[in-house]
Amino acid sequence: MDFKITATVGLLGLASGLSFTQEINLDMKNSVKVSFDSEHGKSYKVYSTTDLSTKKWNLLGGPVSGGDEGVVFFHETENDQKLFFKAEQIMANPDGSGGEAMLPDGFPTPTKEWPVVLWDPDSTPKRFKTIDKCFDELTDGSSLYFTGTHSLPPNRLKIQGKRDITIHGLGSNKLELATPGDILIIKDSSNIRVTGVFFNGKGPNPKMDNPYFAMIHLSGVNNRIEVSRCSFSDFGSHGVSHLYGAKRSKNVTVSHCSFRNGGNAFHPKLKIDGTAISGIGSGWIIKNNTIENCLRGIEIEGRGMEQSQIIISNNHLREIWNEGIMLFASSDESNLYSKIIISNNFVNCITPRPDGVPHQTCIAMQGGENMIISNNIIYDSPKAFTGIGLNSAMADIRNCVVEGNIVSGVGGWGIQVTEKAGRPYRCEGVVVTGNHVFDTGSFGMFINGSGHTIHGNLVKNSRSAGINYSGRSEGPPTSIMHNTVSGNLEDGIRLSTEATHAIIAYNILSGNKENKIIMNSKKNVIRDNISFNF
């Protein structure tokens, strides 16, 4: 059931008395859409409150560009359905650097002598010479603005049990560590925003007494955390992460950030560890980030609770040593990892790796259900074993879609959809359609399991067979149809002795060096394929 509310409210940060109309579509399944008239070329944040008398506003979304359709957010209780809204225009820093920040009227600009300012709408702004002293005085609803370089011991900056806190880095700024460890800890808090901050670590911990840490370390139960337009370098373990225990930080957005030189290639327990963005819980959105020269890029991993409704889109990962984007379903329950969208990302794994770091898969899903991997570009990765891999090593793979991806220059398989040998889990019902796979060092596609749909793909110039299907005797049939398979150095389409109940039809095969279609098994249907050489 949907219904619509129309309201007129003031637009903060613009000319006095200017107002706009918002349409609010309230979905009883806990989603709300807020749209408003705004100027193209300007950015806004949207807030709500259930009680105007408290003067406490919750950040719902932003920055959003003027003229966009609106902001979608989620409410938690029926009381949240009675909402008042406001929008705030975001002003860029005067020099155009750092994050975007709205400077309140009469705000004392941070200076070299007093680089930190704490502002609360209900109190007089306070100035500080060091950022740690300012953190000690954070209260609900306050904003911290700072500039300059601040050297800190690990674990000094904490936001615990707070809500509606904003940390703004202005101009040239840096939070750096004297020794490896956490920089900022956020625990049991909600509506926390960190923007425009430059985080600089010290790399891996050489003493190895604390090999697990993060530049922003999420802990406990958090909700609605936003990290935007920040920079993370030399983090030595994790960049942004909910590290320990069940991943109870929900509705976290990490956007427009850069991550460089991260991870630990000499971990004392795991041999290798460290990811730019990890510890991902339900409702996370990871978009428009650059991740470069890191051990791992983005990792979903955890035990015992649902991790779903996750979006990973429009990120650029380059020179990754190990896994680019990965799901490690360590709970062994595929249904806990569902409704995950990985789309429009660029992934490259070409960097010379440190000793002992194996190149693995650019996008790797080791368990999960109802996932979509679409329109990604995997490129120039001659050391990667696989471009896109769905593998039931840790849990079942069920009802996933791999669509519209481009995979080129991968050292091993282009697209892998397989059951892990010796493991009890199944790989079933995967749709692989509209992908372009070319110039791979082994098979273009390597498929087993059952009930898959392999349709409308272009597989070209693989150093082995274009499409290899091994299947299994039980389960629904796999359909391999309407594919174009050409220029491969071995077979066009190969069915192993284990493959049964496959339907191979309406494919176009050309210029493959060996057999057009080779079948080493029975109970398959092969018909209406076109095969020619040129």
Side-chain angles (χ1 to χ4, degrees), residues 10-18 38-39 41-47 55-57 59 62-66 86-152 156-159 162-176 183-184 186 191-200 215-216 226-233 255-258:
L11 182 60
L12 303 183
L14 297 180
S16 176
L18 181 62
S38 55
E39 276 186 80
K42 294 186 178 180
S43 297
Y44 301 86
K45 293 181 290 184
V46 180
Y47 297 83
K55 298 182 180 180
K56 298 297 183 182
W57 291 89
L59 177 66
V64 294
S65 299
K86 72 175 181 179
E88 183 178 85
Q89 183 184 330
I90 301 170
M91 309 298 292
N93 296 331
D95 63 357
S97 62
E100 297 177 327
M102 178 66 187
L103 299 179
D105 293 338
F107 184 81
T109 303
T111 64
K112 186 175 182 180
E113 183 179 2
W114 298 95
V116 186
V117 177
L118 181 62
W119 182 78
D120 187 306
D122 299 326
S123 62
T124 302
K126 299 180 181 179
R127 298 188 182 195
F128 298 84
K129 290 189 175 183
T130 61
I131 196 168
D132 54 336
K133 298 298 184 183
C134 184
F135 261 79
D136 291 341
E137 297 194 27
L138 287 176
T139 59
D140 291 353
S142 60
S143 297
L144 185 159
Y145 300 80
F146 79 99
T147 187
T149 297
H150 299 262
S151 297
L152 301 158
R156 179 63 183 88
L157 302 183
K158 296 181 181 180
I159 300 174
K162 300 289 196 302
R163 59 179 297 162
D164 307 319
I165 301 290
T166 302
I167 310 298
H168 293 286
L170 299 176
S172 176
N173 73 81
K174 185 185 296 183
L175 298 180
E176 64 178 14
I183 292 184
L184 172 60
I186 301 175
N191 297 312
I192 308 299
R193 184 174 184 235
V194 182
T195 181
V197 179
F198 292 74
F199 295 85
N200 187 31
M215 300 293 93
I216 296 181
E226 179 184 345
V227 181
S228 65
R229 304 185 186 280
C230 293
S231 175
F232 302 83
S233 63
S255 68
H256 299 91
C257 294
S258 66

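Starting from 1, each residue takes its place in the sequence as its number. Values below: every heavy atom of this structure, side chains too, minus hydrogens, waters and symmetry copies.
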Between [atom1] of [X] and [atom2] of [Y], what distance do you get to the nearest 0.5 Å?
| X | Y | atom1 | atom2 | answer |
| --- | --- | --- | --- | --- |
| Thr109 | Arg127 | OG1 | CZ | 8.0 Å |
| Phe198 | Ser258 | CZ | OG | 7.5 Å |
| Lys126 | Ser142 | NZ | OG | 9.5 Å |
| Trp114 | Thr130 | CH2 | OG1 | 9.5 Å |
| Ser233 | Glu176 | OG | CD | 9.5 Å |

Any side-chain heavy-atom pair of [X] and [Y] under 4.5 Å:
| X | Y | answer |
| --- | --- | --- |
| Thr166 | Tyr145 | no |
| Phe232 | Ile216 | yes |
| Val116 | Leu118 | no |
| Ile159 | Ile167 | yes |

For the residue pair [X] and [Y], what are the closest heavy atoms and their distance?
| X | Y | result |
| --- | --- | --- |
| Glu137 | Phe128 | OE2-CE2, 3.7 Å |
| Arg229 | Thr195 | CB-OG1, 4.3 Å |
| Ile165 | Gly141 | CD1-N, 4.1 Å |
| Val117 | Pro108 | CG2-O, 3.4 Å |

Using a distance-only test with no angle check, is there a side-chain donor-acceptor pair under 3.5 angstrom linking Ser255 and Ser228?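 Looking only at side-chain atoms, Ser228 and Ser255 do not form any donor-acceptor pair under 3.5 Å.
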Under the 3.5 angstrom rule, does the side chain of Asp140 hit a backbone N or O of Arg163 as a donor-acceptor pair?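 Yes; judged by distance alone, with no hydrogens or angles, the pair exists.
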Is there a donor-acceptor pair under 3.5 Å between the side chain of Thr147 and the backbone N or O of Leu170?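 Such a contact is found between Thr147 side chain and Leu170 backbone.
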Do NZ/NE/NH1/NH2 and the carboxylate oxygens of Asp136 and Arg156 come within less than 4.0 Å?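 Arg156 and Asp136: salt-bridged.
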Can you name the residues that form a ring-ring contact (aromatic ring centres under 6.0 Å, His included) with His150, not counting sequence neighbours?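 Applying ring-ring contact (aromatic ring centres under 6.0 Å, His included) to His150 gives Phe146.
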Which residue is it: Thr149, Asn200, Leu152? I am looking for the one with a side-chain contact (heavy atoms from CB on, under 4.5 Å) to Leu175.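 With Leu175 as partner, Thr149, Asn200, Leu152 yield a single side-chain contact (heavy atoms from CB on, under 4.5 Å), made by Leu152.
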Lys162, NZ: over 12 other non-hydrogen atoms inside 6.0 angstrom: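 Result for NZ/Lys162: enclosed.
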